[in-house]
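Okay, structure first, notes after.
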Amino acid sequence: MSDLRTPLARARGLGSARDGLKHWWAQRLTAIALIPLIVWFAISLVMLSGADYAVARAWIGSPLVMVLLILTIVVGLHHGQLGLQVVIEDYIHGDGWKLALIVAVRFVAVIFGLAAVVSILRIGFGG
Amino acid sequence: MSVANRPVHRPLSPHLQVYRPQLTSVLSILHRATGIALSVGALYLATWVIYAAADAKAYALFQSFNMSIVGRIVLGGWLFCAFYHLANGIRHLFWDAGYGFELKDAYRSGWIVVAVSLIATVVSWIVGLGLV
Ligand code: HEM
Ligand code: HEM
């Protein structure tokens with residue numbers, strides 16, 4: 001029992017044989033990158049509790065924070081999107097719904113990620 | 001019977017009705033739950049910087065939500081999810097590298113994850129609330 005998929009599934013090529021290994025690696029690499037980023041962000045979040053508009057903008061706009069914050073948001077969204085894809089693949093069984101949901105998750109991640117990056121740059125470079 | 005219809009003997013998932021929860025299974029499902037929560041949290045983080053790039057009035061509205069009881073629970077919950085998923089994620093990475101598969105080790109690392117994430121959460125809540 002070396003392959004658990006049905007012959008039909010194997011022939012159609014859906015499932016992990018298509019790009020499973022790349023996905024698995026990306027999930028692990030983003031996880032490793034997130035270890036220091038999440039620790040840094042959690043400490044910052046606690047230190048910033050109660051910060052008003054001016055304090056928050058001064059923090060977001062400083063050069064090092066800009067870089068780390070962009071990394072945290074982009075890598076975090078990417079890792080989350082890869083992870084949610086696995087969750088969707090586990091629980092949603094119709095191919096159509098499965099694909100639609102995975103695409104929707106990706107769109108949301110890209111839109112929020114782009115908007116966040118533009119906002120951070122705008123705060124930092126004073127647009 | 002055609003080849004395509006031949007039944008394949010896959011391993012079955014645990015039948016939840018008759019399945020006694022164990023530390024290992026609870027931690028496993030918590031990793032998934034906190035991963036989903038953190039994904040929503042990442043959108044929330046993005047929303048925060050989007051509001052900060054808008055005007056002071058919009059930001060003050062957003063911040064007033066963060067400072068409300070519900071907002072405190074959301075942010076405090078985010079901290080727990082982050083610490084738990086981080087600690088258990090490192091446990092996962094050790095497994096991926098081939099370490100810690102013995103049942104005894106899985107339980108020991110599991111309890112370490114519980115202890116580390118609870119302590120980190122409590123410390124962060126105390127410090128965070130003290131600063132408000
Ligand atoms: C923004 C932060 C994060 C988000 C949004 C997030 C989200 C997720 C999601 C949705 C999953 C899928 C869960 C599942 O398949 O059951 C996942 C899995 C995973 N996460 Fe994260 N995560 C974050 C941070 C981290 C960090 C800091 C680590 C550090 C070690 C990590 C390690 C992992 C690992 C190893 C897996 C795969 C687990 C498995 O094989 O089942 N994650 N994450
Ligand atoms: C996690 C997500 C979000 C939270 C927690 C949040 C929270 C809030 C809160 C508490 C207010 C004040 C409501 C009031 O008038 O009492 C507000 C206003 C508003 N939100 Fe959001 N929001 C979120 C996402 C968004 C998104 C994604 C958008 C747009 C794309 C948006 C657009 C607005 C606008 C336009 C206002 C009115 C601002 C004003 O009156 O100046 N919000 N939000």
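Residue numbers begin at 1 in each chain, while the letters A, B, ... track the order of the sequences.
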With a cut-off of 6.0 Å (strictly less than), are more than 12 heavy atoms of other residues, nucleotides or ligands near CH2 of A:Trp59?
yes
Region of [X] that comes under 4.5 Å of a non-hydrogen atom in chain A:
X: B:Trp48; answer: side chain
X: B:Ala120; answer: neither
X: B:Ile36; answer: both

Winner by heavy-atom pair count (cut-off under 4.5 Å) against chain A, out of B:Asp96, B:Leu75, B:Leu38:
B:Asp96
Top contributor to chain A interface from B:Ala54, B:Ala52, B:Gly41, B:Ala42 [non-hydrogen pairs under 4.5 Å]
B:Ala52
Hey, are the side chains of [X] and [Y] touching, using non-hydrogen atoms and a 4.5 Å cut-off?
X: A:Val117; Y: B:Val49; answer: no
X: B:Arg72; Y: A:Ser49; answer: yes
X: A:Ile38; Y: B:His85; answer: no
X: A:Ile35; Y: B:Leu93; answer: yes

Mind listing the closest non-hydrogen atom pair of B:Leu45 and A:Phe41 along with its distance?
CD1-CZ, 3.4 Å
I'd like to know if the side chain of B:Gln63 reaches the main chain of A:Ala51, judged simply by a donor and an acceptor atom lying under 3.5 Å from each other, with no hydrogens or angles considered.
yes
